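Okay, structure first, notes after.
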Amino acid sequence: MSGTFQIRGGKRLQGEITPQGAKNEALQILCAVLLTDEEVRIKNIPDIHDVNRLIEILGDFGVKVTKNGHGDFTFKADSVNFDYIKSEEFKKDGAKLRGSIMLMGPMLARYGEAYMPTPGGDKIGRRRLDTHFQGLVELGAEFNYDEEEYFYSLKAKELNGKFILLEEASVTGTANIVMAAALAKGKTRIYNAACEPYLQQLCKMLNRMGANISGIGSNLLTIEGVTHLNGTEHTMLPDMVEIGSWIGLAAMTKSEITIKNVNWNQLGVIPNTFRKLGIQLEQSGDDIYIPSQEHYKIQKFIDGSILTISDAPWPGFTPDLLSIILVVATQAKGSILVHQKMFESRLFFVDKLIDMGAQIILCDPHRATVIGLNQESPLRGTTMVSPDIRAGNALLIAALSAEGKSIIHNIEQIDRGYENIDGRLKAIGADIERI
Ligand SMILES: CC(=O)N[C@H]1[C@@H](OP(=O)(O)OP(=O)(O)OC[C@H]2O[C@@H](n3ccc(=O)[nH]c3=O)[C@H](O)[C@@H]2O)O[C@H](CO)[C@@H](O)[C@@H]1O
Ligand SMILES: C=C(OP(=O)(O)O)C(=O)O
C-alpha cells in the first residue's frame with residue numbers, strides 16, 4: 001500500500017519531538033534473535049514497514065513472537081521451519097528489504113544452512129554483498145548463487161574462527177559475520193570491521209547473551225566463539241538519522257524545536273556537521289535544543305575554500321543524512337559541495353528541489369553544488385514522488401519549508417523508515433495530511 005502526503009508549507013513549527021528507536025539497529029538486533037532458543041525481549045522497536053516485515057518473516061520462520069506493548073516484543077526461536085525459508089513466499093518476503101540479509105549469518109551458525117533472495121532496500125546504486133559472503137566463506141561456509149532465481153545459499157557442517165580482513169567496512173556485512181563468528185569454533189578476528197553505534201549495540205547484546213566479543217567500537221573485533229547463546233533484553237538507541245533530519249527541519253522552517261533523549265554521546269560528528277552549515281544547536285541534558293533562526297551561514301574551510309560534506313564509514317558522516325544536508329543547504333547563506341561517495345544514485349532527487357526554486361548544480365551522480373538562498377526566496381510547493389527513504393524525508397522537509405501546497409507520492413518509501421511521521425509533525429504544528 002502506498003500513499004500520498006499533502007503539505008501546506010511555510011509554517012513555523014514549535015515544540016518537542018522524540019526520535020523513534022533506530023531502524024538500522026532494529027534490523028540487526030531482530031536477526032540476532034535466531035542465535036538462541038531462549039527468549040529475547042527487545043524494546044523501543046520502531047513501528048515502521050521494514051521492521052514489521054522482518055518481524056513477519058521471523059514469525060513465518062517459526063519464531064514465537066509476542067507483543068508486550070508498543071515497540072516491545074519477545075522472540076523465542078526454539079523451533080524453526082526451513083520449508084518457509086526455501087519457499088516462493090520467502091523469495092518474495094526476503095526481497096522486500098535490505099535488512100533481511102542479516103538473517104544469513106545467524107541461520108548459518110545455528111542451523112548449518114542459510115538461504116536468501118537478493119535483498120531489497122533502497123535503489124540508491126549498486127549494493128553488493130561480496131563482503132558478507134567472503135566473510136562467511138572464510139569461516140567455512142560453502143556458497144552457492146542461483147543466478148536465475150537470484151537466490152543465495154550457504155551450508156557449513158561447522159564454522160571455524162579465523163582472521164578476516166574485510167575489503168570494505170560494510171555495516172550489514174560486519175553484522176552478519178559477527179553473528180556467525182559468535183557461534184563458530186575458536187577465535188575470529190575481523191579487521192576493517194564497521195564500528196557504528198548500531199553495530200556496537202549488536203555486539204553488546206551478543207555479549208549479554210554469552211558471546212565473547214572484544215574491540216567493540218573499533219575496526220578490529222575479536223570474537224571467541226561459544227557453543228550456546230542465552231536469552232537477553234535489549235533496548236534500541238534513538239535513530240540518529242531521524243535526529244539529524246529534525247535538526248535540518250528546524251533550520252529550514254525557522255522553527256524552535258527540542259529533540260528529546262538523543263543519546264548525544266552516540267551521535268559522532270552529526271551535530272558538528274550541522275553546525276558547519278551555521279545551524280545553532282545546543283546540548284541540553286540529553287536533548288538537543290534548536291532555537292528559531294532567521295538565517296544560517298555555511299562555514300568555509302580554514303583556507304577559505306568552499307565547504308565539502310561527504311560521507312564515510314563511521315566515525316565519518318553517515319550517507320543516510322547527506323540528502324538532509326543538501327536540502328538544508330538550499331536555504332543557507334553560502335555554498336557547499338555535497339559529495340555522496342558511497343552510493344551512485346542517491347542525489348538525483350535534486351531535480352525536484354531545482355523545480356522548487358533551489359540553486360543546485362548536479363556535477364555528476366556523486367556530487368552536487370548548492371548555492372544557498374539565505375531564506376530570501378522560499379522554495380515553491382510542487383508535486384513530487386519520493387524516490388527513496390532518505391530523499392523522501394528530505395523532500396518532505398523541503399515541502400514543509402516551501403510556500404504553498406506540495407504533494408508527495410509514493411510515501412511508502414518514507415513509511416519504511418519513519419514511524420507515524422505525519423502524526424509527530426502535526427504535533428509540532430505542521431500542516432500535513434495523508435490523502
Ligand atoms: C539496513 C542498513 O543498516 N542499511 C545501512 C547500511 O547498509 P549496507 O550495510 O547495505 O551498506 P554497506 O556498509 O555494505 O555499504 C554501503 C555502500 O558503501 C560502500 N562502501 C562501504 C564501506 C566502505 O568502506 N567503502 C564503501 O565504498 C559500499 O560499496 C556500498 O555501496 O549501511 C549503509 C552505510 O552506512 C547505510 O547507508 C544503510 O542505511
Ligand atoms: C539505505 C537505507 O536503508 P536500507 O539499507 O534498508 O535500504 C537507509 O536506511 O537510509
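Position 1 is the first residue of the sequence; numbering continues from there. Treat the numbers as computed from the prediction; the structure is a model and nothing was measured. Counting convention: from 1, in listed order, for ligands and their atoms alike.
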Inset, instruction - Decide whether the shortest distance between a heavy atom of Ala194 and an atom of ligand 1 is less than 4.0 Å. - result: no

Inset, instruction - Measure the distances from the heavy atoms of Gly173 to every atom of ligand 1 and state whether one is below 4.0 angstrom. - result: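 In this structure, Gly173 fails to qualify as a contact of ligand 1 - no heavy atom is under 4.0 Å.
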
Students should be able to answer this: which protein heavy-atom is nearest to [atom], and at what distance?
{"atom": "atom 4 (N) of ligand 1", "result": "Asn24 ND2, 3.6 Å"}
{"atom": "atom 34 (C) of ligand 1", "result": "Pro319 CG, 3.7 Å"}
{"atom": "atom 31 (O) of ligand 1", "result": "Met342 O, 3.4 Å"}
{"atom": "atom 33 (C) of ligand 1", "result": "Phe343 CZ, 4.2 Å"}
{"atom": "atom 29 (O) of ligand 1", "result": "Glu168 OE1, 2.8 Å"}
{"atom": "atom 14 (O) of ligand 1", "result": "Ser170 OG, 2.6 Å"}
{"atom": "atom 39 (O) of ligand 1", "result": "Asp320 OD2, 2.6 Å"}
{"atom": "atom 8 (P) of ligand 1", "result": "Thr172 OG1, 3.5 Å"}

Say whether [X], considering both its backbone and side-chain N or O atoms, lies within less than 3.5 Å of an N or O atom on ligand 1.
{"X": "His132", "value": "no"}
{"X": "Thr318", "value": "no"}
{"X": "Lys23", "value": "no"}

Legend entry - Protein residues having a heavy atom less than 4.0 Å from any atom of ligand 2: Lys23, Asn24, Asp50, Arg98, Gly121, Asp122, Ile124, Arg127, Asp320, Arg346, Ile389, Arg390, Arg416

Inset, instruction - Select the closest option to atom 10 (O) of ligand 1 among Glu167, Glu25, Glu196, Arg98, judged by heavy-atom distance. - result: Arg98

Could you list the atoms of ligand 1 found under 4.0 angstrom from a heavy atom of [X]?
{"X": "Leu27", "result": "1 (C)"}
{"X": "Arg126", "result": "31 (O)"}
{"X": "Pro313", "result": "23 (C), 24 (O)"}

Inset, instruction - May I ask you to check whether Phe90 and Tyr84 place their ring centers less than 6.0 Å from one another? - result: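 Between Tyr84 and Phe90, which both carry aromatic rings, the centre distance is below 6.0 Å.
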
Minimum heavy-atom distance between [X] and [Y], given as atom pair plus value:
{"X": "Leu136", "Y": "Gly105", "answer": "CD2-CA, 4.3 Å"}
{"X": "Cys31", "Y": "Met179", "answer": "CB-CE, 4.2 Å"}
{"X": "Pro119", "Y": "Ile101", "answer": "CG-CB, 4.0 Å"}
{"X": "Thr131", "Y": "Glu167", "answer": "OG1-CG, 4.2 Å"}

Inset, instruction - Give the ring-plane orientation class for Tyr115 versus Phe151, where under 30° counts as parallel, over 60° as perpendicular and anything between as tilted. - result: parallel

Legend entry - Under the side-chain hydrogen bond (donor to acceptor under 3.5 Å, both in side chains) test, residues paired with Asp431 that sit two or more places apart: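 For Asp431, no residue satisfies side-chain hydrogen bond (donor to acceptor under 3.5 Å, both in side chains) once neighbours in sequence are set aside.
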
Inset, instruction - Any chance you could measure Cys203, atom SG, to Arg208, atom CZ, to the nearest 0.5 Å? - result: 11.5 Å

Legend entry - Point-to-point distance, once rounded to the nearest 0.5 Å, from CG of Asn44 to CD1 of Ile29: 11.5 Å

Inset, instruction - Please name the residue in the list Lys96, Arg434, Arg53 that meets the salt bridge (Lys or Arg N to Asp or Glu O under 4.0 Å) test with Glu412. - result: Arg53

Inset, instruction - Could you list all the ring pair (Phe, Tyr, Trp, His ring centres under 6.0 Å) pairs where at least one residue sits in residues 125-144, not counting sequence neighbours? - result: Phe133-Phe143, Phe133-Tyr152

Legend entry - Salt-bridge contact Asp50-Arg416 (side-chain N to carboxylate O under 4.0 Å):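 Salt bridge: yes.
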
Legend entry - Test side-chain contact (heavy atoms from CB on, under 4.5 Å) applied to Leu183 and Ile223, Leu159, Leu229, the passing residue: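 When Ile223, Leu159, Leu229 are each tested with Leu183, the side-chain contact (heavy atoms from CB on, under 4.5 Å) holds only for Leu229.
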
Legend entry - Pairs touching residues 307-323 that satisfy salt bridge (charged side-chain N to carboxylate O under 4.0 Å, His left out), sequence neighbours left out: Asp320-Arg346

